[in-house]
Amino acid sequence: MTTAPACYRLESVQHRYGGRVVLDIGSLEIRRGETLAVIGPSGSGKSTLLRLLQFLERPTAGRLWFDERLVDSEPALDVRRRVTTVFQRPFVLNRSVRANLAFGLHVRGWSNRPAEIDHLLTALGLAPLAHAPAQSLSGGEIQRVALARALAFDPDVLLLDEPTANLDPRNVRLVEDLIRERQAQGVTVVLATHQIFQARRLAHRAALLLDGQVIEVGPTAEMLDHASDPRTRAFLSGDMVY
Amino acid sequence: MSQLLTEFRRPELLQIVALTLRVTGAALLLATVAGVPIGALLGLVRFRGQRLVTLVLYTGMGLPPVVVGLFVYLSLSSSGPLGVLGWLFTPTAMIVAQAIIAFPLVAGLTMSAVAGVDRAVRQQVFALGASRWQSAWTVLLEARVGVTAAIVAAFGGIISEVGAVMLVGGNIEGQTRVLTTAIVLYTRQGEFALAMALGVVLIAVAFGANVLLLRLQGRLRDQ
């Protein structure tokens, strides 16, 4: 894993909203095929980081590379289509669950892949809801639909923003199993979460983000068990550090 | 009542209804073809002067039809800039006038419907790999109930309109006489039973057309 080439590279990346600095990262590398957990309290900049990695926004300052290519404008469609995000508050389209899952395939001009969609529906416990209007589902069901929709077109990079925030333990397990399945296939995963145990279960490495800054980054177990920075230790022990 | 029923059998009634549907249908089609894409674009993009464009559009939604009729009349009259077309006092002039009345309604309400779609939809669609056109189309589909309501509102606005079609059509029997102008004429002539019969037909036509549009809206909502 340590020798894998960089999927993303951030150098002196700063991002501001209305003059307020919300992200200030000196250096961060996300390697191809790894799962990096970005942990930190609410408002620490996790979602903003994912937005930059999804190319939804360009950094106010600094440089971001994707696959060794500098991202200084909106990437070409074929590059953009390699990356997808499951947002913290996912939005489902006003159509059936199954049609939502097929959306990413349709925009790519691919065929429907019914077997793959059936597998995802079953794996996430959504099969009985396949023909239900997606907007009539509960928050937890919508979150699972959003994950299945993101996986249906086999992205190279999966950006997950609190993907199990609305789920009960049984569904958390279903989602994590599916993420592990993709990890085994070599998908790069960036998991923004404030659930330390989830980071431990899923991520190869973890990075702590506080006030938009990367405080510490390293192999997950090592960082969570033997954090070198006092702010990391304080966060992990539940102290207020922001 | 029996006199009213007799009036329904008048031979010219069918011709008047057919022309009404032809003029209003063509005007609505033109306004929809132009108004939906323009309204969608205005709802999707941000640009300098957008507030002014929005203000003009909203003003257009409340434009008195008779003023539109006057404008079209002057443009198409023999001394007007488009007089050479020879459209004045023809169904074409009526279609033009009604399309101008319907356009701001379709475009303005479509703009509101599209702008009202959650910004999260665009970001989600972008993140799922949609191109710009696919994103715009998806947002328009998400706003489909509002867009259909825009078309329904425009239809209601022009089928019941009398001032503009009277001015530019001239209410010529067998040529430019539609339901609304015929009602005005027969009321003035004291033929109240016939005017009433035409009024009933106008309401029935409007009701039937709205049933069709609302069924379409319901089907779109359920998709």
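Every chain is numbered from 1 and lettered A, B, ... according to where its sequence line falls, protein lines coming before strand lines. Note that the coordinates shown come from a computational prediction; the quantities given were computed from them, not determined experimentally.
- Among pairs with a residue in residues 18-44 of chain B, those fulfilling side-chain hydrogen bond (donor to acceptor under 3.5 Å, both in side chains) read Thr24(B)-Gln98(B), at least two apart in sequence or across chains.
- Residues Gln134(B) and Val107(A) come closest through the heavy atom pair NE2-O, 2.9 Å.
- Heavy atoms closer than 4.5 Å to chain B are found in the side chain of Arg51(A), but not in its backbone.
- Looking at Gln123(B), the atoms closer than 4.5 Å to chain A (heavy atoms on both sides) sit in the backbone and in the side chain alike.
- Contact residues of residues 53-71 of chain A toward chain B are Gln54(A), Phe55(A), Leu56(A) (heavy-atom distance under 4.5 Å).
- Looking only at distances, no side-chain donor or acceptor of Glu142(B) sits under 3.5 Å from a matching main-chain atom of Leu93(A).
- The neighbour count for Met61(B) CE, taken as heavy atoms of other residues, nucleotides or ligands under 6.0 Å away, is above 12.
- With sequence neighbours excluded, no residue forms a side-chain hydrogen bond (donor to acceptor under 3.5 Å, both in side chains) with Glu161(B).
- Within 6.0 Å of CZ on Phe207(B) lie no more than 12 heavy atoms contributed by other residues, nucleotides or ligands.
- Annotation for Ser131(B) and Leu77(A): closest pair CB-CD2, 3.8 Å, computed over non-hydrogen atoms.
- For the ring pair (Phe, Tyr, Trp, His ring centres under 6.0 Å) condition, no pair includes a residue of residues 102-145 of chain B, sequence neighbours left out.
- In the displayed structure, Tyr73(B) atom OH is contacted under 6.0 Å by at most 12 heavy atoms of other residues, nucleotides or ligands.
- Of the inter-residue distances, the one linking Asp118(B) atom CG with Arg89(A) atom CZ reads 7.0 Å to the nearest 0.5 angstrom.
- Using a 4.5 Å cut-off between heavy atoms, Pro90(A) touches chain B through backbone and side chain atoms alike.
- When His106(A), Arg149(A), Arg82(A) are compared by the number of non-hydrogen pairs under 4.5 Å with chain B, Arg149(A) comes out ahead.
- One distance of note links OG1 of Thr138(B) with CZ of Arg95(A); it measures 6.0 Å at 0.5 Å rounding.
- A 6.0 Å sphere centred on CG of Leu212(B) holds more than 12 heavy atoms belonging to other residues, nucleotides or ligands.
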